Trainee: 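Right, I'll just put the structure down here and ask away after.
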Amino acid sequence: VTVVGLSAGDVARLTGGDLVGDPTARIAGVSSLERAGPGDLSFVARSQLVPAFERTQASAVLMLDTLREVDNGRTIRIFVPNPYRSLCDVIDRLHPRVVVPWGIHATASLGAGVSWSGRIAIGANSVVGSRTTFGEDCTVGESVCIGEGVKIGARARIDVNVSVAAGVHIGDDVVMQCGARIGTDGFGYARAGTGHDHVPHIGGCIIGSNVEIGANTTIDRGTMSDTVIGDGTKIDDLVQVAHNCRVGKNCLIMAQVGMAGSTIVEDNAVLAGQAGLAGHLTVGRDARVAAQAGVIGDVPPNATVSGYPARDHRDVLRQAAAGRRLTRHVRTLERIARKADGL
Amino acid sequence: VTVVGLSAGDVARLTGGDLVGDPTARIAGVSSLERAGPGDLSFVARSQLVPAFERTQASAVLMLDTLREVDNGRTIRIFVPNPYRSLCDVIDRLHPRVVVPWGIHATASLGAGVSWSGRIAIGANSVVGSRTTFGEDCTVGESVCIGEGVKIGARARIDVNVSVAAGVHIGDDVVMQCGARIGTDGFGYARAGTGHDHVPHIGGCIIGSNVEIGANTTIDRGTMSDTVIGDGTKIDDLVQVAHNCRVGKNCLIMAQVGMAGSTIVEDNAVLAGQAGLAGHLTVGRDARVAAQAGVIGDVPPNATVSGYPARDHRDVLRQAAAGRRLTRHVRTLERIARKADGL
Amino acid sequence: VTVVGLSAGDVARLTGGDLVGDPTARIAGVSSLERAGPGDLSFVARSQLVPAFERTQASAVLMLDTLREVDNGRTIRIFVPNPYRSLCDVIDRLHPRVVVPWGIHATASLGAGVSWSGRIAIGANSVVGSRTTFGEDCTVGESVCIGEGVKIGARARIDVNVSVAAGVHIGDDVVMQCGARIGTDGFGYARAGTGHDHVPHIGGCIIGSNVEIGANTTIDRGTMSDTVIGDGTKIDDLVQVAHNCRVGKNCLIMAQVGMAGSTIVEDNAVLAGQAGLAGHLTVGRDARVAAQAGVIGDVPPNATVSGYPARDHRDVLRQAAAGRRLTRHVRTLERIARKADGL
């Protein structure tokens with residue numbers, strides 16, 4: 001990765017920030033407050049980071065613009081409303097994206113009628129089924145398996161060892177990290193005597209635009225209808241999305257979350273790590289499901305739920321506190337109750 | 001996927017159902033009650049679906065035969081005892097299985113002494129170790145890695161990117177979905193000074209007939225004995241089965257379940273999503289383990305357990321309800337207890 | 001796997017054990033007490049195994065040297081301080097490691113400047129990016145994808161279908177099982193209007209020596225700093241380690257554990273299956289986190305925590321027991337509280 005230097009003044013211009021300090025100082029890299037050295041840019045996005053800022057060796061920081069009064073007497077400060085977001089723009093300039101080797105590797109296998117717009121990169125040993133189409137500037141890594149009749153939008157980044165089943169539809173600007181499995185058969189069985197017969201999965205799997213899917217995550221196709229992931233939703237590693245789930249727009253779904261079949265997650269919902277959702281329920285718009293929560297009924301819009309079975313997070317905290325208080329008096333309360341029962 | 005049309009009468013004959021309505025009506029597809037349109041067949045398997053049936057645009061439904069009196073005045077009804085099961089048969093007729101391209105792709109690598117009966121399909125870039133044997137009509141996708149000396153029965157479907165380690169035994173009619181890892185080394189270490197020495201895993205891994213294994217699921221081989229999955233057991237995505245586990249017949253193991261080493265799951269048990277089983281315990285026949293339950297001791301046959309540590313589900317519900325009731329009175333009970341303690 | 005026989009006397013010499021019985025008896029295999037037959041060596045590492053020892057058909061056992069008085073009148077006993085550890089040495093002798101076919105398969109693709117010391121094995125269809133370096137005697141399975149500029153120490157075993165992203169550093173004697181994903185992008189987003197912008201991940205991923213990583217486990221690279229796994233740490237299957245986590249030495253991390261970003265796990269900590277750690281916290285040296293525990297704050301060194309939110313395990317047990325006791329009296333306590341409230 002080539003590193004192109006910027007000046008502190010360049011950073012201020014790039015981010016629209018308000019610079020206090022030497023605009024000619026060189027910025028060659030980006031690092032956290034603790035690890036930064038001379039030439040590094042860091043960031044102070046919350047007041048809790050002020051102590052680390054006092055000790056940092058960074059040459060400059062992007063600082064939340066409500067922290068105007070914070071000064072350690074040596075570090076250049078560039079005030080912006082969203083330091084983390086601004087930092088992303090600086091990183092993009094300092095670390096230009098890897099140059100993609102456009103073209104199709106000699107060992108890739110393409111079925112009949114595969115088509116694409118403009119440029120495409122397909123890595124070694126990847127297989128693309130017949131009639132699959134790509135938009136412009138897609139990059140497909142090595143050992144990727146894409147089935148027949150898949151539709152993929154522009155600028156998809158499909159990392160190594162991903163598999164996409166036949167007939168999946170994928171929007172623009174989608175990222176699928178290593179080992180993601182898209183459009184696999186769902187876990188749907190009908191009782192047949194003492195055993196279970198697999199229900200044929202003839203539904204589809206539709207991934208919106210600007211969706212990102214983490215490593216080794218699995219998204220099953222629908223049984224008769226479709227599994228749908230809405231535009232802008234981001235999914236972390238090792239997540240399971242079962243058949244017929246419909247996830248809205250701009251949701252955040254963290255690592256190891258599991259959703260059972262036919263569940264609906266509305267726009268902007270946040271599902272924290274290892275949360276589990278039973279099937280056939282709805283998590284409302286802007287709801288937040290805490291880490292490890294077990295959701296077994298509908299969650300209203302804007303609610304924050306935790307625990308198992310998941311319920312309002314404040315109730316959970318209140319009940320846990322009450323439990324701890326009663327625990328201290330358990331012997332006394334038991335004695336009182338036994339005496340009362342005995343009367 | 002080619003769609004072959006049926007008449008409503010054909011559907012009744014195929015399912016052994018009792019038809020009320022026009023037997024000549026054309027059925028071209030299958031869909032859920034909400035999404036079905038003219039020409040679609042849907043199903044009413046529970047009385048809870050009757051309101052959706054009232055509004056459906058489906059041309060015909062497979063309906064539970066205890067719902068004889070349910071009629072919306074327009075939809076053809078075909079009464080059967082198990083509508084979901086019957087629907088599978090109709091789907092199999094309407095959507096004939098994809099035609100498998102029998103043969104071995106030029107880029108597949110087969111070791112010495114690989115053998116099979118009748119037909120076989122092996123996809124691009126797949127590798128099969130020496131002395132591995134297949135029954136008839138097996139299909140192996142692309143980028144599959146199968147080790148040496150593996151025994152695979154008839155009609156196996158091994159999807160893309162699966163790996164099967166050396167010496168694994170697999171029965172007939174097994175499905176392994178993308179990214180499943182079968183026969184990997186278990187997590188067994190012996191203390192060695194301040195560190196840990198890996199215990200050599202010389203045991204096997206035996207997968208019965210009619211077993212289905214989900215995407216990115218991992219099944220470790222045994223340490224000295226075998227890891228065993230019984231006939232007819234179905235395993236969902238992202239499940240972990242550790243070394244020496246023995247799973248019985250016709251079990252259902254849902255997504256993200258984890259089993260620690262040497263645990264036994266008896267026939268027909270159901271483990272719901274994200275449940276965890278500690279090692280060296282037994283879950284009895286026909287037991288049900290609720291989603292996210294943490295099982296740390298034996299579960300008797302036919303029991304239903306939930307929570308952590310997992311215990312009888314009715315007890316869990318009762319205790320949770322009692323907790324909520326006492327919470328309401330926490331201040332009063334605390335005051336009473338303090339007064340009693342003070343006396 | 002070729003099996004080379006040993007005598008009971010050979011086993012005693014190999015393990016430094018004290019033999020009671022016939023030193024000329026042949027030992028041809030190793031098995032658990034229940035499954036062992038004539039010619040097999042088994043082990044008795046805990047007094048709980050004594051009943052199984054009474055019934056075993058094994059010819060000899062490695063027995064904990066504090067169990068001197070245990071004798072079933074027929075089985076040869078070899079007393080050692082750590083039977084399980086000693087068994088590993090015997091297995092290594094009885095089952096010599098598979099002979100690695102050194103060399104680079106014709107279908108492997110190596111970028112410019114890939115280098116290694118001594119011998120190397122790279123399997124079919126594997127891809128190694130330019131400037132990646134290996135120490136001596138590394139073995140890389142089939143369909144492995146290793147990015148550019150990766151540094152790998154001596155004797156690495158990289159199983160089939162693994163992917164290692166560009167720039168990852170890996171120590172000596174590392175094992176990565178099938179489907180492990182090392183150095184993938186983390187789940188880091190900055191709010192951008194109603195959506196989320198991915199934060200470029202320019203940090204690294206450093207894997208120490210003697211680390212073992214399970215099947216389908218995912219370890220993300222750092223955002224700006226590095227994700228680090230310390231020497232001797234063992235990680236099971238389907239584990240998620242997020243960006244910027246720093247795991248110490250000789251930790252044991254069991255299946256399906258999840259760690260959110262920037263969390264620190266100190267030396268010798270044990271994280272049991274399905275435990276979840278929130279981000280930006282520290283689990284201290286020698287701490288133990290129980291299965292399914294949800295850790296949302298720092299865990300002190302040597303502590304044992306369980307439950308959600310995770311807290312001292314004895315407190316959890318005490319509170320659970322108190323809860324069960326109060327539950328029995330809920331009606332009475334409620335009546336008392338209502339009466340007191342009514343006064």
Side-chain angles (χ1 to χ4, degrees), chain A residues 1 30-32 34-35 42 82 84-85 87-88 91-92 94-95 98 105 107 123-125 141-143 159-161 175 177-179 210 212 214-216 232 234 236-238 249-250 252 254-256 268 272-274 291-292 306-308 320 323-324 326-327 330 333-334 336-338 340-341, chain C residues 107 109 125 127 143-145 147-148 161-163 165-167 179 181 184-185 187 189-192 194-200 202 216-218 220 223-225 238-240 242 244 256 258-260 274 276 278 292 294 296 308-309 315 318-319 321-323 325-326 328-329 332-333 335-336:
Chain A
V1 175
V30 162
S31 193
S32 60
E34 289 80 7
R35 298 167 62 97
S42 193
N82 187 341
Y84 201 44
R85 181 72 203 70
L87 191 77
C88 298
I91 292 173
D92 275 341
L94 282 173
H95 299 263
V98 174
H105 195 275
T107 59
N125 308 313
E142 288 87 13
S143 290
D159 290 348
V160 302
N161 277 308
V175 173
Q177 293 211 56
C178 315
N210 291 301
E212 302 192 17
N216 284 349
K234 313 298 184 186
D236 201 351
D237 299 345
L238 292 168
K249 296 180 183 174
N250 295 322
L252 292 177
M254 299 183 195
Q256 297 175 320
N268 308 318
Q274 297 185 333
Q292 296 191 324
S306 67
Y308 176 82
R324 278 192 298 274
L326 292 180
T327 301
V330 59
L333 289 170
E334 232 179 356
I336 292 170
R338 267 200 302 258
D341 284 341
Chain C
T107 58
S109 306
N125 307 314
V127 177
S143 292
V144 169
C145 297
E148 301 191 350
N161 277 308
V162 163
S163 49
R181 311 292 170 205
T184 42
D185 280 359
F187 194 70
Y189 294 89
R191 264 271 158 208
T194 58
H196 311 281
D197 271 9
H198 190 250
V199 177
I202 58 170
N216 284 350
T217 280
T218 56
D220 291 344
T223 316
M224 288 178 290
S225 53
L238 292 170
V239 168
Q240 153 75 353
N244 310 327
Q256 295 176 322
M259 274 179 231
Q274 296 185 335
Q292 294 191 327
I296 62 172
Y308 176 83
D315 284 354
R318 203 175 298 134
Q319 197 179 334
R325 283 157 64 180
L326 292 180
R328 280 182 222 123
H329 300 294
T332 309
L333 289 170
R335 202 177 58 230
I336 292 169

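Quick caveat: nothing in here was measured; it's all calculated off a predicted structure. Order of the sequence lines fixes the chain letters, A, B, ..., with proteins taken first and strands second; residue numbering starts at 1 for each chain.
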Trainee: Could I get the full list of side chain to side chain contact (heavy atoms under 4.5 Å, CB included) partners for C/A192, not counting sequence neighbours?
Mentor: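 Side chain to side chain contact (heavy atoms under 4.5 Å, CB included) list for C/A192, sorted by chain: A/R85, C/D197.
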Trainee: Are any non-hydrogen side-chain atoms of C/S225 and A/S31 less than 4.5 angstrom apart?
Mentor: no
Trainee: Do the side chain of A/E212 and the main chain of C/H198 share a donor and acceptor less than 3.5 angstrom apart?
Mentor: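 No; judged by distance alone, with no hydrogens or angles, the pair does not exist.
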Trainee: Output the distance between atom OG (C/S109) and atom CG (A/N125), rounded to the nearest 0.5 Å.
Mentor: 6.0 Å
Trainee: Which atom pair, heavy atoms only, marks the closest approach of C/G276 to A/Q292?
Mentor: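 Shortest heavy-atom contact: N-NE2, 3.5 Å.
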Trainee: Do you know the tightest heavy-atom contact between A/L238 and C/V239?
Mentor: CD1-O, 3.6 Å
Trainee: Would you give the length of the straight line joining atom CG of C/N161 to atom SG of A/C178, rounded to the nearest 0.5 angstrom?
Mentor: 11.5 Å
Trainee: At a heavy-atom distance under 4.5 Å, which candidate from C/V162, C/N216, C/V144 has the highest pair count against chain A?
Mentor: C/N216
Trainee: Need one label for A/A272: side chain, backbone, both or neither, based on atoms under 4.5 Å from any heavy atom in chain C.
Mentor: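 Contact with chain C: none, neither part.
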Trainee: Would the distance check show the side chain of A/D237 and the main-chain N or O of C/T218 forming a donor-acceptor pair, the cut-off being under 3.5 Å?
Mentor: no
Trainee: Working to the nearest 0.5 Å, report the span between CG of A/L326 and CG of C/L333.
Mentor: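 The CG atom of C/L333 is 8.5 Å from CG of A/L326, to the nearest 0.5 Å.
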Trainee: Do you know the tightest heavy-atom contact between C/D185 and A/Q177?
Mentor: N-OE1, 2.9 Å
Trainee: Give, as side chain, backbone, both or neither, the part of A/Q256 having an atom under 4.5 angstrom from any heavy atom of chain C.
Mentor: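 For A/Q256, the contact with chain C is made by the side chain alone.
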Trainee: Rounded to the nearest 0.5 Å, how far apart are CG of A/N210 and NE2 of C/H196?
Mentor: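 Here the rounded value is 11.0 Å.
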Trainee: In terms of heavy-atom pairs under 4.5 Å, which option from C/R328, C/R318, C/H329, C/M259 contacts chain A the most?
Mentor: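 Max contact count across the listed options: C/H329.
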Trainee: Heavy-atom distances under 4.5 Å only: say whether C/D220 touches chain A with side chain, backbone, both or neither.
Mentor: side chain
Trainee: To the nearest 0.5 Å, how far apart are NZ in A/K234 and CZ in C/F187?
Mentor: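 Interatomic distance, A/K234 NZ to C/F187 CZ, rounded to 0.5 Å: 8.5 Å.
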Trainee: Rounded to the nearest 0.5 Å, what separates atom CD in A/E142 from atom SG in C/C145?
Mentor: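 If I round to the nearest 0.5 Å, the distance is 5.5 Å.
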Trainee: Which heavy atom of C/T332 sits nearest to which heavy atom of A/A337, and what is that distance?
Mentor: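 C/T332 and A/A337 have their closest heavy atoms at CG2-O, 3.6 Å.
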Trainee: Do you know the tightest heavy-atom contact between C/G195 and A/N250?
Mentor: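 For C/G195 versus A/N250, the nearest heavy atoms are CA-OD1, 3.7 Å.
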Trainee: Measure A/D236 against the heavy atoms of chain C and call it side chain, backbone, both or neither at under 4.5 Å.
Mentor: both
Trainee: Is chain C contacted by the side chain of A/D159, its backbone, both, or neither, given a heavy-atom distance below 4.5 Å?
Mentor: neither
Trainee: Excluding sequence neighbours, so at least two apart, what forms ring pair (Phe, Tyr, Trp, His ring centres under 6.0 Å) with A/Y84?
Mentor: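 Partners of A/Y84 under the ring pair (Phe, Tyr, Trp, His ring centres under 6.0 Å) test: A/F43.
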Trainee: Using a 4.5 Å cut-off on heavy atoms from C-beta on, say whether the side chain of C/V127 contacts that of A/S143.
Mentor: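 Side-chain contact under 4.5 Å: no.
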